[in-house]
Amino acid sequence: MLEVKQRIIQEIEVEDGYVFEIHELPADKDTIVEVWVYQKEYTTKIHAFSIMKSTISNPTKLYKHIEDNMKEYIDTYKEEVIEEIED
């Protein structure tokens, strides 16, 4: 039987073709939720943040965190990926 090490649970497309990709990774007695961001025109993805699933009482809190910090994560992506490629 295949052992799932990581699975994508959702992709959220936001402004200007940016996508937030939510992954779950099994950890010792919990699950880690990782959020990655990328721009659809580029293949590079960067890690935005990780959080223990047990600290999120419902998905709405995770989505609210992404919404509240979306600009910061997108700006970081622009600095780390897009500007590097264009230079």
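- For NZ of K71, the number of neighbouring non-hydrogen atoms (other residues, nucleotides, ligands) closer than 6.0 Å is 12 at most.
- Taking NZ from K64 and CD1 from I56, the interatomic distance works out to 15.0 Å, rounded to the nearest 0.5 Å.
- The minimum heavy-atom distance between M70 and F20, with the atom names listed, is CG-CE1, 3.6 Å.
- We find the CG-CG distance between D75 and N69 to be 11.5 Å, quoted to the nearest 0.5 Å.
- The side-chain heavy atoms of M52 and I32, taken from C-beta on, include a pair separated by under 4.5 Å.
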Exercise. Apply the test side-chain contact (heavy atoms from CB on, under 4.5 Å) to residues V14 and I74: give CA-CA distance (whole Å), side-chain angles for both, the deciding distance (0.1 Å), then the verdict.
Key: CA-CA 10 Å; V14 295; I74 290 173; 4.1 Å; yes

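- Note that CG of L62 is 10.0 Å distant from NZ of K53, once rounded to the nearest 0.5 Å.
- Every ring-ring contact (aromatic ring centres under 6.0 Å, His included) that Y73 has, sequence neighbours left out, goes to F49.
- When every heavy atom of S50 is checked against every heavy atom of H47, the shortest pair comes out as OG-NE2, 2.7 Å.
- Here the NE2-CG distance, from H65 to D68, works out to 8.0 Å after rounding to the nearest 0.5 Å.
- Between the side chain of N58 and the backbone N or O of K61 there is at least one donor-acceptor pair closer than 3.5 Å.
- In this structure, CD on E24 lies 11.0 Å from CD on E34, to the nearest 0.5 angstrom.
- Using modelled atom types, no side-chain atom of Y77 and backbone atom of A48 make a donor-acceptor pair closer than 3.5 Å.
- Note that the CD1 atom of I51 and the CD1 atom of I22 stand 11.5 Å from one another [nearest 0.5 Å].
- Residue pairs satisfying the salt bridge (Lys or Arg N to Asp or Glu O under 4.0 Å) criterion with at least one member in residues 8-18, sequence neighbours excluded, are listed as follows: E13-K40.
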